[in-house]
There are 2 protein chains.
Amino acid sequence: MFCHVAPRPRNAEATRAAILNAARERFARESYDDVGMRDIAGDVGVDAALVSRYFGSKEDLFEAVLDSCDNGADLMAGDRSTFGRRVAREVIFQAKSESKLKGLLILLRSISSTKAMELVQRSANRRFYGPFAEWVGGHDAPVRARLAAALIKGMAVTREVTGGYGMDAGQCERMADQMAVILQDLIDGEPAAAQDDGKLSPAA
Amino acid sequence: MFCHVAPRPRNAEATRAAILNAARERFARESYDDVGMRDIAGDVGVDAALVSRYFGSKEDLFEAVLDSCDNGADLMAGDRSTFGRRVAREVIFQAKSESKLKGLLILLRSISSTKAMELVQRSANRRFYGPFAEWVGGHDAPVRARLAAALIKGMAVTREVTGGYGMDAGQCERMADQMAVILQDLIDGEPAAAQDDGKLSPAA
DNA sequence: CCATTAAGTCACCGGGCGTTGACTAGCGGC
DNA sequence: GCCGCTAGTCAACGCCCGGTGACTTAATGG
């Protein structure tokens with residue numbers, strides 16, 4: 001038996017960090033309501049009471065988790081001309097445990113339990129939409145940023161809610177390609193993200 | 001006082017229907033976990049025990065609600081050439097209480113409480129994705145259908161999670177216009193939904 | 001080597017949930 | 001005008017949750 005394998009050296013700071021990591025992982029995979037203090041504590045190997053002690057309340061812990069996510073900043077960091085391709089592949093193919101979009105997953109899962117959503121609203125607006133719109137830049141940046149974000153989120157929802165895409169590998173590839181093009185056009189501000197017939201805000 | 005205003009005539013069938021409607025409304029506005037049997041019963045004006053009696057369990061009730069949603073069939077019914085515009089305006093501007101996308105809202109809210117999501121997965125695949133992909137038709141219909149669905153869902157998520165779009169009316173209008181174009185191109189199978197530079201799956 | 005202090009545990013509370021079995025009240029048939 | 005049947009209510013159960021105060025145990029400094 002592997003009982004008491006590692007009695008975990010007594011170190012408040014490290015334990016606190018471990019709890020935070022476990023919580024982030026849990027909240028990315030299950031919803032706010034489904035994640036219990038006892039679950040998180042169990043992942044780390046401590047008592048649930050300790051989680052309450054260190055973070056105050058479940059809401060406070062959730063807020064700390066939100067703050068600990070790098071909300072997609074690294075996606076904006078790379079080469080701008082490959083943004084569409086990079087993001088499309090990330091959201092369509094990347095394993096859930098990969099870190100880049102963990103904040104996005106948490107955001108999606110928070111569409112429940114009104115409390116969690118309020119916290120996410122503030123965090124997302126301040127820490128993601130603002131910077132993203134600014135990074136997109138150009139004419140009607142907020143509009144194009146929100147459209148791009150919507151496509152990204154929607155694809156993530158599809159994947160979560162359907163548990164995969166129910167398509168073969170070739171179809172997934174072509175879907176990623178098309179998504180890449182749409183995203184890239186959106187952030188580049190190409191003529192209305194498609195052939196513009198002239199009716200819609202033709203110039204920048 | 002308006003106590004006992006309408007003692008509700010004794011009619012099992014009507015009461016059952018009223019419960020189902022109230023439940024659909026609730027599940028569209030709050031998550032599976034946040035909606036309680038007592039809430040639903042309260043909306044109708046009956047005891048919570050009756051809800052359990054009529055529908056067996058909360059899961060059974062939820063499943064009945066899913067079956068009672070017309071999953072966007074009417075969106076496909078109209079003129080195909082105005083699909084993009086109709087849907088974009090519906091998802092961006094329509095009041096939540098409007099019925100057409102109620103199934104979509106429930107789907108979004110179900111991204112919690114693993115139980116609800118499993119039920120929604122089955123229902124959505126069978127009753128929405130299949131028919132929608134078929135309706136879209138043409139080359140790689142499932143791929144384009146999923147892209148369009150992703151954009152629609154993502155925009156709904158944005159609206160839900162941010163509680164509006166945080167933009168002025170003009171920006172919302174332009175966003176709806178751009179979204180309409182993207183959607184329309186997707187279901188029309190226009191060259192890669194944007195000007196195709198030839199690198200990506202150039203032909204049909 | 002022991003006292004002190006912080007790290008971690010344990011038992012327990014109050015509350016809300018879904019669900020159940022016993023009960024009450026309104027309606028149709030004789 | 002009573003009877004039986006069923007729609008609907010009531011009280012309660014068991015369960016699990018988040019949170020708290022009292023306790024135990026490990027590390028540390030003199």
Side-chain angles (χ1 to χ4, degrees), chain A residues 3-23 26-27 29-65 109-110 112-119, chain B residues 3-23 26-27 29-65 109-110 112-119:
Chain A
C3 310
H4 318 117
V5 273
R8 170 172 287 278
R10 288 191 164 213
N11 180 338
E13 202 170 336
T15 303
R16 202 190 136 97
I19 291 172
L20 194 64
N21 285 336
R26 281 266 177 191
F27 282 129
R29 275 186 293 116
E30 299 163 72
S31 80
Y32 182 81
D33 305 288
D34 277 7
V35 174
M37 304 292 257
R38 289 168 173 88
D39 299 325
I40 298 170
D43 290 344
V44 184
V46 298
D47 192 273
L50 202 64
V51 182
S52 278
R53 268 219 190 305
Y54 279 171
F55 291 91
S57 71
K58 190 179 178 182
E59 285 191 45
D60 293 339
L61 170 59
F62 188 68
E63 216 160 1
V65 165
R109 301 241 181 263
S110 80
S112 55
S113 69
T114 329
K115 289 183 300 186
M117 204 164 75
E118 287 170 8
L119 299 174
Chain B
C3 310
H4 317 114
V5 274
R8 172 171 287 279
R10 288 201 161 208
N11 182 336
E13 201 170 336
T15 302
R16 201 189 136 96
I19 291 173
L20 194 65
N21 285 335
R26 280 268 177 190
F27 282 130
R29 276 186 292 116
E30 299 163 71
S31 80
Y32 182 82
D33 306 287
D34 277 7
V35 173
M37 303 293 257
R38 288 167 172 87
D39 298 326
I40 299 171
D43 290 344
V44 184
V46 298
D47 192 275
L50 202 64
V51 181
S52 277
R53 267 219 193 305
Y54 279 170
F55 290 91
S57 72
K58 190 181 177 182
E59 284 190 48
D60 293 338
L61 170 59
F62 188 69
E63 216 161 2
V65 164
R109 301 244 182 260
S110 80
S112 55
S113 69
T114 328
K115 288 182 299 185
M117 204 164 75
E118 286 169 9
L119 299 175

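Order of the sequence lines sets the chain letters (A, B, ...), proteins ahead of strands, with each chain counted from 1.
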query = If only side-chain N and O atoms of A/Y54 are considered, is one of them under 4.0 Å from the OP1 or OP2 phosphate oxygen of C/dG8?
reply = yes
ask   = Does C/dG8 have OP1 or OP2 sitting under 4.0 Å from an N or O in the side chain of A/T15?
value =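 Checking C/dG8 against A/T15, a side-chain N or O does come within under 4.0 Å of OP1 or OP2.
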If I take atom [atom1] in residue [X] and atom [atom2] in nucleotide [N], what distance separates them, rounded to the nearest angstrom?
X	N	atom1	atom2	value
B/F62	C/dG18	CZ	C1'	16 Å
B/K115	C/dC17	NZ	C1'	10 Å
B/D39	C/dC17	CG	P	7 Å
B/R16	D/dT6	CZ	P	17 Å
B/D34	C/dC17	CG	C1'	12 Å
B/D47	D/dT9	CG	C1'	5 Å
A/L50	D/dT24	CG	C1'	14 Å
A/Y32	D/dC17	OH	C1'	12 Å

inquiry  = Please pick, from C/dG18, C/dA6, D/dG19, the nucleotide with the shortest atom-to-atom distance to any side-chain atom of A/R38.
reply    =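 Within the option list, the nearest is D/dG19.
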key: Closest nucleotide among C/dT20, D/dA26, C/dG26 to the B/R10 side chain   =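 Taking heavy atoms from C-beta onward, the closest nucleotide is C/dG26.
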task = Quick one: sort the B/Y32 and B/F62 rings into parallel, tilted or perpendicular, breaks at 30° and 60°.
result =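 Perpendicular, since the angle between the ring planes exceeds 60°.
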remark   = Heavy atoms of A/V65 and A/A23 approach each other most closely as CG2-CB, 3.7 Å
message = Nearest 0.5 angstrom please: A/L119 CG to A/E63 CD, how far?
response =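 One finds 5.0 Å between CG of A/L119 and CD of A/E63.
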Looking across every strand, which nucleic acid part, if any, lies under 4.0 Å from [X] by heavy atom: base, sugar-phosphate, or nothing?
X	answer
B/A12	sugar-phosphate
A/F55	nothing
B/V35	sugar-phosphate

task = Without swapping roles, check the side chain of B/R109 against the backbone of B/R29 for a donor-acceptor pair under 3.5 Å.
result = yes
query = DNA chain D: B/R53 or A/M37, which has the more 5' nearest nucleotide?
reply = B/R53
message = Is it the case that the side chains of B/D33 and A/S113 hold a donor-acceptor pair, with the cut-off being a distance below 3.5 Å and no angle test?
response = no
